[in-house]
Amino acid sequence: MVRSDAQTLLNYVILPNLLLRLSVVMLRRGLLVWLSRVGVLLVVVCCCFSLLYVITCSPHADEPMAGQPLPRAGGMAMPGGPSRPGGVGGAPIGPARREGFQALLQEREEQHRQHITSLKKQIAQLKEALQERREQLKGMQDSMEKTAGEGTVGDVADEHSHSDLQEFLRSQLSRAEVHSGVRLPSEYAVVPFESFTLQRVYQLEMGLTHHPEEKPVRKDRRDELGEVVESALHALNAPNQGGDKTKPSKVYTPSDFIEGIARTEKDKGTLYELTFRGEQKQEFRRLLLFRPFGPLMKVKSELVESANVAINIVLPLSQRADKFKQFMHNFR
């Protein structure tokens with residue numbers, strides 16, 4: 001009985017305890033060995049990185065230093081001091097590199113010489129042009145002084161012809177339907193207007209095309225309408241003189257032009273009515289021009305507020321009054 005108890009004690013108590021202590025000792029020894037190996041490996045890696053950094057970041061003796069000026073013939077120019085023979089760090093410069101530096105310096109000097117020569121030529125040309133302009137101005141002044149006493153008779157004739165021209169233009173303007181209408185014998189005597197924009201001309205007399213839009217616009221017609229629009233812009237953007245309160249304060253451009261209408265009467269001239277955008281949203285600037293087979297004349301410029309403008313529409317409503325009433329009811 002005692003022998004069996006001792007065997008049981010040995011198997012279940014003493015042997016597990018011994019095994020546990022043995023495993024702890026072995027674990028401690030293995031951990032120490034692993035830590036020592038890791039430490040040695042880290043030291044080796046740090047040494048390798050340090051050596052690689054020293055090799056890559058150290059300055060090379062055979063390369064010129066960044067930011068240093070090029071060496072002159074016979075020496076190396078140092079910043080802030082006189083040049084001394086030799087290269088960077090006192091190393092001697094080879095003959096090939098010295099010849100390369102000399103060639104580069106000679107090329108730069110040649111470029112500077114060419115630039116100076118071209119500037120001198122330009123200055124000489126400008127002086128010659130200035131001298132020619134002075135001589136022309138002096139000749140014009142002399143000719144004006146000579147003709148000042150001899151031009152009295154010619155001035156009187158020019159004034160008389162100018163007054164005749166103004167009288168003719170006024171008579172043509174009074175005959176045209178600008179300020180008031182003219183009684184016509186029938187509707188066939190009415191000269192229709194043509195509507196135009198910056199790119200298109202819409203006409204009632206279609207001719208052989210049977211299309212109201214003239215496309216493309218003829219070059220002579222396009223030039224004529226462009227001149228009219230340009231003259232209208234010049235008149236609108238002219239400085240305010242004479243205390244005209246209706247004079248616009250904005251600067252008009254071709255983009256402000258909306259549309260215009262024009263018609264030509266064979267014995268009077270061409271009448272143009274152009275509409276531009278105003279300074280506010282519901283305002284328009286209307287300009288009336290007249291060309292009495294001569295230069296353009298500004299007839300009238302007025303500001304139109306479209307908020308209170310009534311639009312009259314003429315419709316043939318014979319036997320259609322009920323349908324029109326229904327349409328207006330649905331439209332409202």
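None of these values were measured; they are calculated from a predicted model. Numbers here simply count residues along the sequence, with the first being 1. Side-chain atoms are counted along with the backbone in the values below, which use heavy atoms only and exclude waters and symmetry mates.
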Let me confirm one number: the [atom1]-[atom2] distance from [X] to [Y], rounded to the nearest 0.5 Å.
X    : Y    : atom1 : atom2 : answer
E230 : L296 : CD    : CG    : 10.5 Å
H234 : K298 : NE2   : NZ    : 10.0 Å
I261 : T275 : CD1   : OG1   : 7.5 Å
L287 : S231 : CG    : OG    : 9.5 Å
L303 : E279 : CG    : CD    : 7.5 Å
M297 : F290 : CE    : CZ    : 7.5 Å

Check your understanding: Apart from F327 itself, what residues make up its hydrophobic cluster when side-chain heavy atoms of I, L, V, M, F, W and Y under 4.5 Å apart count as a link, directly or indirectly?
Key ->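 The other cluster members (ILVMFWY side chains, heavy atoms under 4.5 Å, direct or chained) are I311, I313, L315, L317, F324, M328.
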
Check your understanding: Transitively linked via ILVMFWY side-chain contacts under 4.5 Å: L42 with L35?
Key ->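 Same hydrophobic cluster.
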
Exercise for review: Determine the minimum heavy-atom distance between Y252 and G278, stating which atoms define it.
Suggested key: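 Taking Y252 first and G278 second, the nearest heavy atoms are OH-CA, 4.1 Å.
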
Exercise for review: Taking all non-hydrogen atoms of both residues into account, name the closest pair between V190 and P192 and its distance.
Suggested key: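 Residues V190 and P192, closest heavy atoms: O-CD, 3.5 Å.
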
Do [X] and [Y] come close enough that some side-chain heavy atom pair is under 4.5 Å?
X    : Y    : result
V299 : L289 : no
Q102 : R97  : no
R113 : E110 : yes
I55  : L51  : yes
L274 : F257 : yes
E259 : S195 : yes
R37  : L41  : no

Review point. Under the side chain to side chain contact (heavy atoms under 4.5 Å, CB included) test, which residues partner E302, sequence neighbours left out?
Key: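 Side chain to side chain contact (heavy atoms under 4.5 Å, CB included) check on E302 returns R286, K300, V304.
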
Exercise for review: For the pair R263 (side chain) and V191 (backbone), establish whether a donor and an acceptor sit closer than 3.5 Å, ignoring hydrogens and angles.
Suggested key: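 Yes, because the side chain of R263 sits within donor-acceptor range (under 3.5 Å) of the backbone of V191.
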
Practice item. Please check if the side chain of R285 supplies one atom and the backbone of L236 the other of a donor-acceptor pair under 3.5 Å. Key: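 Judged by distance alone, no pair lies under 3.5 Å.
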
**Study point:** No-hydrogen, no-angle side-chain donor-acceptor test under 3.5 Å, Y272 and E224
**Key:**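 Yes, a side-chain donor-acceptor pair sits under 3.5 Å.
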
Check your understanding: Under 4.0 Å between a Lys/Arg side-chain N and an Asp/Glu carboxylate O for D256 and K250?
Key ->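 Here D256 pairs with K250 in a salt bridge, since their nearest N and O are under 4.0 Å apart.
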
Review point. Are R221 and E194 close enough for a salt bridge, meaning some N to O gap below 4.0 Å?
Key: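 Looking at E194 together with R221, the answer is yes, because their closest N to O distance falls below 4.0 Å.
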
Point to revise | Intermediate values then yes/no, side-chain contact (heavy atoms from CB on, under 4.5 Å), Q326 and D322 | key: CA-CA 6 Å; Q326 184 179 0; D322 297 335; over 6 Å; no

Exercise for review: Determine whether more than 12 heavy atoms belonging to other residues, nucleotides or ligands lie under 6.0 Å from atom CD of Q111.
Suggested key: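 Yes, because the 6.0 Å sphere around CD of Q111 holds more than 12 heavy atoms from other groups.
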
Practice item. Mind running side-chain contact (heavy atoms from CB on, under 4.5 Å) on T56 and L52 for me, showing each step along the way? Key: CA-CA 6 Å; T56 56; L52 182 63; 4.1 Å; yes

Practice item. For L271 and L288, run side-chain contact (heavy atoms from CB on, under 4.5 Å): C-alpha distance rounded to whole Å, both residues' side-chain angles, the deciding distance at 0.1 Å, then the answer. Key: CA-CA 8 Å; L271 180 64; L288 199 63; 4.0 Å; yes

